[in-house]
Amino acid sequence: MKSFDVVVIGGGPGGYIAAIRAAQLGLGTACIDDWRGADGKPALGGTCTNVGCIPSKALLQSSENYYHAGHAFSEHGIQLKGIALDLAQMLKRKDKVVRQNNDGIVFLFKKNKVEFFHGRGSFAQDSADGWEIKIAGKPAATLVGKHVIVATGSNPRALPGAGFDEKLILSNTGALAMREVPERLGVVGAGVIGLEMGSVWRRLGAEVMILEALPAFLGMVDEQIAKEASKVFAKQGLAIQTGVKITKVTAKKTVTVDYTDNAGAAQSTTFDKLIVSIGRVPNTDGLNAAAVGLRIDERGCVAVDDECRTSLPNVWAIGDVVRGPMLAHKAEEEGVAVAERIAGQHGHVDFNTVPWVIYTSPEIAWVGQTEQQLKAAGVDYRAGTFPFMANGRARALGDTTGMVKFLADARTDRVLGVHIIGPLASELIAEAVVAMEFGASAEDIARICHAHPSLSEAMKEAALAVAKRSLNS
Ligand SMILES: Cc1cc2nc3c(=O)[nH]c(=O)nc-3n(C[C@H](O)[C@H](O)[C@H](O)COP(=O)(O)OP(=O)(O)OC[C@H]3O[C@@H](n4cnc5c(N)ncnc54)[C@H](O)[C@@H]3O)c2cc1C
């Protein structure tokens with residue numbers, strides 16, 4: 001039995017980052033992960049790298065390039081003839097990007113002296129030297145960890161009575177690997193994943209209908225931004241229905257979905273494929289949690305306190321398997337914080353400044369409070385918006401949809417939330433995160449020199465608009 005200061009179960013963004021940080025801090029560290037790639041080889045990086053963040057962004061980029069070649073290049077004076085979709089090559093490129101990321105983590109483990117074990121890890125028992133963790137792999141092994149970090153992630157949630165077969169009813173895994181563009185694609189769930197997957201296949205030519213149970217479209221997003229998004233997506237041909245209740249799904253050669261619409265009328269529609277993206281379930285399968293008394297909460301998450309401590313001494317849990325937003329960067333932050341706490345430092349994660357991004361076109365990104373949250377909390381605030389239409393760089397790019405919106409405390413001017421719909425919102429939001437982390441006021445951003453011409457000027461202008469003094473609109 002090999003002993004380590006830290007044994008991490010799960011090699012996704014939470015687990016692998018925790019392992020690297022622990023090793024950097026001088027702790028003897030092992031990471032156990034059971035993922036295998038399509039080629040059958042161990043594939044570090046978890047959901048994010050293999051069937052999540054990375055492949056989805058690869059396909060979003062490729063599909064956007066394809067769309068632009070067919071629809072936007074002529075405006076720039078570039079005439080293309082014979083544009084054809086080579087989906088096999090697009091998927092091959094996506095797989096290559098994934099493998100580069102898998103291999104990158106192997107390299108990082110070697111560099112940082114993290115020992116990697118491929119297989120499924122489960123709690124065996126507590127011993128005088130630490131927790132014994134059994135690995136069901138080839139070869140099987142048992143490790144002892146003074147500390148254990150559970151980072152086992154999440155699995156896609158299926159519709160009741162309509163499990164994933166990845167042929168007709170697809171999770172994110174199948175949605176990222178369709179070998180043909182379906183003529184009619186149904187998507188259940190208009191959340192981040194549903195919108196991103198719907199966008200990919202719409203741009204490649206599918207007729208896409210998205211069915212959402214909640215009455216409001218993008219309820220977690222600032223209402224003004226969500227309204228703008230709804231208009232843009234409708235123009236792109238994403239048919240989104242909200243307030244839908246699915247009553248039956250029948251998969252034979254095609255998939256028929258029976259549902260009631262938001263007016264309560266019974267509807268039935270048939271798709272070639274159906275993507276189900278209605279959330280994710282924390283993954284505690286096979287951990288042997290009950291036998292060792294690891295508490296699982298009522299939502300199926302490993303129960304943790306504010307510092308990611310579980311019900312067991314020296315056992316921590318992070319990422320999708322615990323409460324909080326299911327985001328790769330949240331998992332990473334928790335991984336770093338826990339490694340630092342184990343090393344006697346004061347790791348910290350600020351949930352108020354975790355950014356969110358939806359990588360549609362235009363992108364949607366935000367941090368902090370929405371206008372509706374501030375209203376509900378009775379906070380006196382001022383709002384400033386600036387449209388990309390009035391931004392020189394956006395015009396030059398040919399991408400002027402959307403706006404930046406700042407929300408600041410009416411009395412102190414402190415930035416409370418920033419919401420963006422527009423080009424490269426995923427990159428622009430970083431400035432807002434920094435501002436909020438440093439407790440900046442809107443005026444602080446407004447007085448900072450931003451490069452011209454750049455999209456970031458829209459950030460400055462929206463901050464100026466809080467005091468009703470934007471310069472370019
Ligand atoms: C299509 C899609 C797109 C996404 N896009 C984004 C995005 O753009 N940005 C973003 O922030 N988030 C995105 N996410 C969410 C993101 O992927 C997750 O939040 C993130 O992967 C969670 O990281 P994690 O380390 O907690 O778990 P995971 O990434 O799920 O990793 C857990 C790992 O542990 C392994 N494991 C589980 N149990 C065991 C065990 N007992 N023994 C050994 N190994 C085990 C699993 O096989 C897996 O490899 C996306 C998700 C999907 C599905």
Side-chain angles (χ1 to χ4, degrees), residues 7-19 30-37 42-60 94 98 101-102 105 116-123 133-137 143 148-157 170-177 187 189 191-200 275-289 294 301-302 308 317-335 338 354-360 363-365 426 429:
V7 172
V8 183
I9 308 178
Y16 93 76
I17 288 291
C31 181
I32 308 166
D33 186 81
D34 64 353
W35 202 290
R36 280 187 198 280
L44 272 163
T47 301
C48 166
T49 304
N50 291 294
V51 290
C53 321
I54 301 298
S56 60
K57 268 78 251 176
L59 284 187
L60 279 157
K94 179 237 353 170
V98 167
N101 281 272
N102 300 139
I105 303 170
F116 172 50
F117 293 84
H118 188 262
R120 198 159 187 80
S122 63
F123 284 91
I133 306 295
K134 249 194 196 158
I135 307 172
L143 310 182
V148 176
I149 303 176
V150 177
T152 46
S154 62
N155 291 317
R157 185 187 298 281
L170 314 176
S171 71
N172 52 300
T173 302
L176 288 162
V187 180
V192 179
I193 297 172
L195 287 171
E196 290 186 5
M197 292 298 93
S199 294
V200 165
I275 297 173
V276 177
S277 50
I278 54 170
R280 298 185 58 86
V281 188
N283 176 19
T284 54
D285 290 352
L287 274 175
N288 204 21
L294 179 66
C301 299
V302 175
C308 293
I318 59 170
D320 278 13
V321 79
V322 302
R323 82 294 175 255
M326 287 186 170
L327 292 169
H329 43 281
K330 175 264 195 184
E332 291 180 20
E333 291 302 310
E334 286 181 334
V338 163
V354 173
W356 286 79
V357 180
I358 309 177
Y359 292 82
T360 42
E363 292 180 349
I364 301 168
S426 56
I429 200 65

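Source: prediction; values computed, not measured. One-based numbering, in listed order, for ligands and for the atoms of each. Numbers here are sequence positions counted from 1.
Looking at Lys330, its side chain does come within 3.5 Å of a backbone N or O of Gly319 through a donor-acceptor pair.
Polar contact with ligand 1: absent for Leu176 (N/O pair, distance under 3.5 Å). For ligand 1, the polar-atom distance check against Gly14 finds a nitrogen or oxygen pair separated by under 3.5 Å. At least one N or O atom of Leu327 sits closer than 3.5 Å to an N or O atom of ligand 1. At least one N/O-N/O distance between Cys48 and ligand 1 falls below 3.5 Å. Ligand 1 has an N or O atom lying under 3.5 Å from an N or O atom of Thr47, backbone or side chain. Among the atoms of His329, some N or O lies under 3.5 angstrom from an N or O of ligand 1. An N or O contact shorter than 3.5 Å is missing between Ser56 and ligand 1 by distance.
Here the closest non-hydrogen pair linking Leu176 and Ser56 is CD2-CA, 3.6 Å. Considering every non-hydrogen atom in both His329 and Pro355, the closest pair reads NE2-O, 2.7 Å. Between Glu334 and Val322 the shortest heavy-atom distance is OE1-CG2, 3.7 Å.
Residue contacts with ligand 1, taken as heavy atom pairs separated by less than 4.0 Å, do not involve Pro156 at all. Of the heavy atoms in Arg280, only side-chain atoms (C-beta onward) come closer than 4.0 Å to ligand 1.
Checked options Val150, Ile133, Val321; the residue passing with Leu287 is Val150 (criterion: side chain to side chain contact (heavy atoms under 4.5 Å, CB included)). When the options Val8, Val302, Thr152, Val338 are evaluated for a side chain to side chain contact (heavy atoms under 4.5 Å, CB included) with Ile318, the one that passes is Val338.
Scanning all protein heavy atoms for the shortest distance to atom 8 (O) of ligand 1 gives Lys57 NZ, 2.7 Å. With hydrogens left out, the protein atom closest to atom 45 (C) of ligand 1 is Asp34 OD1, 3.4 Å, a heavy atom. The shortest contact between atom 38 (N) of ligand 1 and any protein heavy atom is with Thr152 CG2, 3.2 Å. Of all protein heavy atoms, the one lying nearest to atom 3 (C) of ligand 1 is Gly52 C, 3.4 Å. Nearest protein heavy-atom neighbour of atom 49 (O) of ligand 1: Asp33 OD1, 2.7 Å. Asp320 N, 2.9 Å is the protein heavy atom nearest to atom 26 (O) of ligand 1. Of the protein's non-hydrogen atoms, the one nearest atom 13 (C) of ligand 1 is Cys53 SG, 3.2 Å. For atom 34 (O) of ligand 1, the closest non-hydrogen atom of the protein is Gly10 CA, 3.2 Å.
Residues Val276 and Pro156 have side chains not in contact (no heavy-atom distance under 4.5 Å, counting atoms from C-beta outward). The shortest distance between side-chain heavy atoms of Arg323 and Cys308 falls below 4.5 Å. In this structure, Val7 and Ile32 have side chains that are in contact, with non-hydrogen atoms separated by less than 4.5 Å.
At a 4.0 Å cut-off, at least one heavy atom of Gly119 sits close enough to ligand 1 to count as contact. Residue contact annotation: Ala151 has a non-hydrogen atom under 4.0 Å from ligand 1. At a 4.0 Å cut-off, not a single heavy atom of Lys330 sits close enough to ligand 1 to count as contact. Within the 4.0 Å heavy-atom cutoff, Val51 counts among the residues contacting ligand 1.
Taking CG of Asn172 as the reference point, atom CD of Glu196 lies at 11.0 Å (rounded to 0.5 Å). Atom CD of Glu332 is separated from atom CD1 of Ile17 by 4.5 Å, given to the nearest 0.5 angstrom.
Here the shortest heavy-atom distance to atom 37 (C) of ligand 1, taken over Asn283, Leu287, Ile54, belongs to Asn283. Which of Ala331, Gly121, Ala175, Pro13 comes nearest to atom 20 (C) of ligand 1 through a heavy atom is settled by distance: it is Pro13.
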Given Ile429 and Trp356, is the side-chain contact (heavy atoms from CB on, under 4.5 Å) satisfied, shown in steps?
-> CA-CA 9 Å; Ile429 200 65; Trp356 286 79; over 6 Å; no

Please assess Val148 against Phe123 for the test side-chain contact (heavy atoms from CB on, under 4.5 Å), listing each intermediate value before the final yes or no.
-> CA-CA 10 Å; Val148 176; Phe123 284 91; 3.8 Å; yes

Apply the test side-chain contact (heavy atoms from CB on, under 4.5 Å) to residues Val187 and Met197: give CA-CA distance (whole Å), side-chain angles for both, the deciding distance (0.1 Å), then the verdict.
-> CA-CA 8 Å; Val187 180; Met197 292 298 93; 5.7 Å; no

